[in-house]
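As the structure is a computational prediction, the values presented were derived from the model and not from experiment.
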Amino acid sequence: MASVGPSAASTQPVLPSGPAVFKTIPYAFILPEIVCGTWVWILVAATSVSLPLLQGWVMYVSLTSCLISLLLLLSYLLGFHRNSENWKVLDSLYHGTTAILYMSAAVLQANATINSEFSINGPLNYQLNSAASFFAFLTTFLYILHAFSIYYQ
């Protein structure tokens, strides 16, 4: 008697390759993550860093996450995943971990923004730090969205 259940081919994950990456919801978040993360890095680098330990962590997280996300995007564009279930697990773990690290960096950047409000360097550093804080929290939100949408897919 033939089984009525779904075939083995339909249970395989369908991971996008090529330009389809930009049209599929969880994977379409990668490019905005890279762009917003790059803005965090640029804005923090443009300030005169008054708290090197705090903003050093922000720079490390933003630059490392940006580079790893770029490599992940390139691997999806070139089709290195070969439609493997392990890539979904890797992607979910990476984005979940990065969301936690980015949240810590965003909070530290917000602290640096508060401390730069009364600094001697004037309002320019405060405005740059405020923009960096905004983009850090936005990037955190994008990584959280990506991690949860991959997990619930």
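The side-chain heavy atoms of I34 and T38, taken from C-beta on, include a pair separated by under 4.5 Å. For the pair D91 and H146, the minimum side-chain heavy-atom distance is below 4.5 Å. Counting only heavy atoms from C-beta outward, the side chains of S62 and F135 never approach each other to under 4.5 Å. The side-chain heavy atoms of Y102 and V40, taken from C-beta on, include a pair separated by under 4.5 Å. Residues W41 and C66 have side chains not in contact (no heavy-atom distance under 4.5 Å, counting atoms from C-beta outward).
Follow the hydrophobic side-chain contacts under 4.5 Å out from V35 and you reach F134 in the same cluster. F137 and Y126 fall into different hydrophobic clusters, where Ile, Leu, Val, Met, Phe, Trp and Tyr are joined by side-chain heavy atoms under 4.5 Å apart, directly or via other members. Both L54 and L63 belong to a single network of hydrophobic side chains, linked directly or stepwise wherever heavy atoms of I, L, V, M, F, W or Y lie under 4.5 Å apart. W39 and M103 fall into different hydrophobic clusters, where Ile, Leu, Val, Met, Phe, Trp and Tyr residues are linked whenever their side-chain heavy atoms come under 4.5 Å apart, directly or through other members. Hydrophobic clustering places I68 together with I42 (ILVMFWY residues linked when any side-chain heavy atoms are closer than 4.5 Å, directly or through intermediates).
With sequence neighbours left out, the ring-ring contact (aromatic ring centres under 6.0 Å, His included) criterion links W57 to Y60.
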| Stepwise side-chain contact (heavy atoms from CB on, under 4.5 Å) check, L43 with T47 | CA-CA 7 Å; L43 289 167; T47 65; 6.0 Å; no
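Atoms CG and OG1, from L101 and T140 in turn, are 10.0 Å apart once rounded to the nearest 0.5 Å. Here the straight-line distance linking atom CD1 of I114 with atom OG of S130 works out to 9.5 Å at 0.5 Å rounding. To the nearest 0.5 Å, atom CD1 of residue I30 and atom OG of residue S75 are 7.5 Å apart.
Residues L128 and A46 approach most closely at CD1-O, 3.8 Å, considering heavy atoms. Listed here is the closest heavy atom pair of T139 and E33: CG2-O, 4.0 Å. Nearest heavy-atom pair across A132 and Q109 is CB-NE2, 3.7 Å. Across all their heavy atoms, V58 and A105 have their closest contact at CG2-O, 3.2 Å.
Defined by atom type and a distance below 3.5 Å, a donor-acceptor pair is present between the side-chain atoms of N129 and S116. In summary, the side chains of T98 and S65 do not present any donor paired with an acceptor at a separation below 3.5 Å, with no hydrogens or angles considered.
Counting non-hydrogen atoms of neighbouring residues, nucleotides and ligands closer than 6.0 angstrom, the OH atom of Y94 exceeds 12 such neighbours.
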